[in-house]
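Note that the coordinates shown come from a computational prediction; the quantities given were computed from them, not determined experimentally. In this chain, numbering begins with 1 at the start of the sequence shown.
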Amino acid sequence: MSQTPCIFCKIVAGEIPARKVFEDDDVLVFHDIHPQASMHLLMIPKRHVENLYDADETHSAVLGKMMTIAGKIAHEQGSPDGFRLVANNGRVGRQEVYHLHFHLLGGTEPLGSGMNRH
Ligand code: AMP
Ligand code: ZN
């Protein structure tokens with residue numbers, strides 16, 4: 001756990017609410033509070049890590065799990081025909097919340113073609 005208050009750690013701890021769609025011992029998936037697409041979910045490891053710069057071999061299992069379940073969750077949450085998976089890292093990546101997360105963006109119509117942001 002980070003020393004600084006982390007909003008996503010607070011969601012994991014149940015201290016602030018979130019619209020959860022999937023949870024197990026290691027991973028939490030919930031709706032983004034400011035959706036940028038008709039499906040916009042955030043997938044996080046429950047154990048705090050700032051971003052992919054700080055990921056090491058101790059994160060391999062949870063990162064693998066997240067990649068493995070992303071498609072099933074996207075399908076179940078209204079994206080049966082494709083979705084986008086985005087991780088913003090650090091200043092240049094315009095990361096706003098420094099707890100590693102993947103954006104799952106989709107819906108039934110094609111997303112914007114730009115790779116900027118999500
Ligand atoms: P970024 O760090 O730039 O990849 O984006 C952080 C994302 O977290 C943004 O899309 C926010 O809308 C989202 N966000 C921030 N606070 C919350 C919250 N309390 N619940 C759900 N999503 C949030
Ligand atoms: Zn955190």
Side-chain angles (χ1 to χ4, degrees):
M1 181 86 64
S2 170
Q3 288 298 101
T4 53
C6 167
I7 194 162
F8 289 175
C9 282
K10 287 183 176 176
I11 289 175
V12 170
E15 292 168 7
I16 59 171
R19 290 174 57 209
K20 299 177 184 179
V21 302
F22 175 87
E23 180 170 18
D24 70 9
D25 288 346
D26 310 306
V27 177
L28 181 62
V29 184
F30 53 96
H31 286 269
D32 195 294
I33 204 165
H34 293 126
Q36 307 291 317
S38 60
M39 184 200 80
H40 188 172
L41 305 172
L42 299 173
M43 171 180 280
I44 67 170
K46 287 188 168 180
R47 179 162 71 99
H48 182 92
V49 59
E50 279 200 357
N51 55 38
L52 290 174
Y53 284 118
D54 287 348
D56 60 29
E57 62 277 5
T58 72
H59 302 97
S60 297
V62 72
L63 287 167
K65 179 186 277 190
M66 289 195 285
M67 296 305 97
T68 304
I69 65 179
K72 182 169 187 284
I73 291 171
H75 199 283
E76 289 173 356
Q77 295 295 321
S79 300
D81 197 26
F83 68 103
R84 185 175 288 161
L85 188 69
V86 176
N88 298 321
N89 291 274
R91 179 180 65 88
V92 171
R94 293 186 179 273
Q95 184 175 4
E96 291 172 359
V97 177
Y98 278 76
H99 180 133
L100 175 64
H101 52 280
F102 292 99
H103 296 259
L104 280 71
L105 296 140
T108 53
E109 296 305 316
L111 300 164
S113 58
M115 288 299 291
N116 269 349
R117 298 284 289 150
H118 42 258

Polar side-chain atom of [X] near backbone of [Y] as donor-acceptor pair, under 3.5 Å:
| X | Y | answer |
| --- | --- | --- |
| Q36 | H34 | yes |
| K65 | P45 | no |
| Q95 | E50 | yes |

N88 vs R94, test: side chain to side chain contact (heavy atoms under 4.5 Å, CB included). Steps then yes/no. CA-CA 6 Å; N88 298 321; R94 293 186 179 273; 5.6 Å; no

Roughly how far apart are [X] [atom1] and [Y] [atom2], rounded to 0.5 Å?
| X | Y | atom1 | atom2 | result |
| --- | --- | --- | --- | --- |
| H48 | C6 | NE2 | SG | 5.0 Å |
| I11 | K46 | CD1 | NZ | 12.5 Å |
| H31 | Q77 | NE2 | CD | 5.0 Å |
| H99 | N51 | NE2 | CG | 11.0 Å |
| S38 | L111 | OG | CG | 8.0 Å |

Are any of the side-chain heavy atoms of L28 and E23 separated by less than 4.5 Å? yes

Would you check if H103 and H40 make a side-chain contact, meaning some heavy-atom pair closer than 4.5 Å? yes

Smallest separation among heavy atoms of [X] and [Y], with atom names:
| X | Y | answer |
| --- | --- | --- |
| A37 | L105 | CB-CD2, 4.0 Å |
| G107 | S79 | N-OG, 2.9 Å |
| G112 | R84 | O-NH2, 2.7 Å |

Let me check something: do V97 and L42 share a hydrophobic cluster, defined by ILVMFWY side-chain heavy atoms less than 4.5 Å apart, either directly or through other members? yes

The ring-ring contact (aromatic ring centres under 6.0 Å, His included) partners of F30 (sequence neighbours excluded) come to F8

My understanding is that only residues two or more places apart in sequence, or in another chain, count here; which of them pass side chain to side chain contact (heavy atoms under 4.5 Å, CB included) with H75? P80

Members sharing L41's hydrophobic cluster (side chains within less than 4.5 Å): V21, F22, V27, V29, M39, M43, V49, L52, V62, L63, M66, M67, I69, I73, F83, L85, L100, F102, L104

Are there over 12 heavy-atom neighbours, none belonging to D54, within less than 6.0 Å of that residue's CG? yes

